[in-house]
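Accompanying notes for the structure given below.
For the single chain, residues carry numbers from 1 onward in sequence order. All values derive from a computational prediction rather than experimental measurement.
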Amino acid sequence: QVQLVESGGGLVQAGGSLRLSCAASGRTVSSGNMGWFRQAPGKEREFVAAISWSGSNTAYADSVKGRFTISRDNAKNTMFLQMNSLKPEDTAVYYCAASSVYYSRKPYYTRDEYDYWGQGTQVTVSS
């Protein structure tokens, strides 16, 4: 089994930055794709960013492209999301996810492609 724990959320003013971390324990996730999703109140959980197992391929939702950067450190079994130029519409609970499928070069965009989920961390952007 895999346990994922997100950290780094908080309250920030519009235009500010936050860096989220997702630490994995249990079975290694270093060989599987990982991703970030978010869910705002009253809305469905949506894709934010994804990274292939090696870190060589990434993908972003159009709404965050150019502002967010996903990365990972496989030696530490950790994934990151650097969020810059934050907007009030980025306010949501952010979840990290990991896949049990190894060595896929294509990032995963959909929730169904992920097998493990963290509990989420709240990000609030004030205007």
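The line from CD1 of Ile51 to CG of Asn57 is 9.0 Å long, rounded to the nearest 0.5 Å. If you take CZ on Arg38 and OG on Ser63, they are separated by 4.5 Å, rounding to the nearest 0.5 Å. Distance check, rounded to the nearest 0.5 Å: CH2 of Trp36 to SG of Cys22 gives 5.0 Å. With values rounded to the nearest 0.5 angstrom, Leu86 atom CG is found 10.0 Å from Ser126 atom OG. Distance check: Glu113 CD to Ser100 OG gives 11.5 Å after rounding to the nearest 0.5 Å. Separation of atoms CE (Met34) and OG1 (Thr78) is listed at 8.0 Å; rounding is to 0.5 Å.
Glu89 CD: more than 12 foreign heavy atoms inside a 6.0 Å radius. In Lys65, the NZ atom is crowded: over 12 heavy atoms of neighbouring residues, nucleotides or ligands sit closer than 6.0 Å.
One hydrophobic cluster, built from ILVMFWY side chains closer than 4.5 Å, cannot hold both Phe37 and Val29; they sit in different ones. Hydrophobic cluster membership differs between Val5 and Val123, with clusters built from Ile, Leu, Val, Met, Phe, Trp and Tyr side chains linked at under 4.5 angstrom. Linking Ile, Leu, Val, Met, Phe, Trp and Tyr whenever their side-chain heavy atoms come within less than 4.5 Å leaves Tyr95 and Val48 in two separate clusters. Clustering ILVMFWY residues whenever any of their side-chain heavy atoms sit less than 4.5 angstrom apart, transitively, puts Trp53 in a cluster other than the one holding Ile70. Clustering ILVMFWY residues whenever any of their side-chain heavy atoms sit less than 4.5 angstrom apart, transitively, puts Phe80 in a cluster other than the one holding Val12.
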For Tyr94 and Gln39, run side-chain contact (heavy atoms from CB on, under 4.5 Å): C-alpha distance rounded to whole Å, both residues' side-chain angles, the deciding distance at 0.1 Å, then the answer. CA-CA 7 Å; Tyr94 283 70; Gln39 188 166 17; over 6 Å; no

Checking side-chain contact (heavy atoms from CB on, under 4.5 Å) for the pair Met83/Leu20: CA distance, chi angles, key distance, verdict? CA-CA 8 Å; Met83 305 187 295; Leu20 304 184; 3.8 Å; yes

Run the numbers on Leu81 and Phe68 for side-chain contact (heavy atoms from CB on, under 4.5 Å), then give the verdict. CA-CA 7 Å; Leu81 185 68; Phe68 291 10; 4.1 Å; yes

Would Ser17 and Gln82 count as a side-chain contact (heavy atoms from CB on, under 4.5 Å) if you check the C-alpha gap in whole Å, the side-chain angles of each, and the deciding distance to 0.1 Å? CA-CA 8 Å; Ser17 298; Gln82 178 66 43; 4.0 Å; yes

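A donor-acceptor contact shorter than 3.5 Å is absent between the side chain of Gln119 and the backbone of Glu6. Remark: side-chain polar atoms of Thr121 are paired, donor with acceptor, to backbone N or O of Gly9 under 3.5 angstrom. Proximity of a side-chain donor or acceptor of Arg72 to a complementary backbone N or O of Ser52 within less than 3.5 Å is detected.
Glu44 is not listed as a side-chain neighbour of Glu46, based on a closest heavy-atom distance of 4.5 Å or more. A heavy-atom distance below 4.5 Å is not found between the side chains of Tyr60 and Arg67.
A salt bridge is absent between Lys87 and Asp90; no separation between the charged side-chain nitrogens and carboxylate oxygens falls under 4.0 Å.
Between the side chains of Asn33 and Ser99, not a single donor N or O lies within less than 3.5 Å of an accepting N or O.
For the residue pair Ala50 and Phe47, the shortest heavy atom distance occurs at CB-CE1, 3.5 Å. When all heavy atoms are compared, the tightest approach of Gly32 to Tyr102 is N-CD2, 4.1 Å.
A cation-pi arrangement is present between Arg45 and Trp117, with the terminal nitrogen or guanidinium carbon under 6.0 Å from the aromatic centre and inside a 45° cone about the axis.
Partners of Ser30 under the side chain to side chain donor-acceptor pair (under 3.5 Å) rule, at least two apart in sequence or in another chain, are Thr28.
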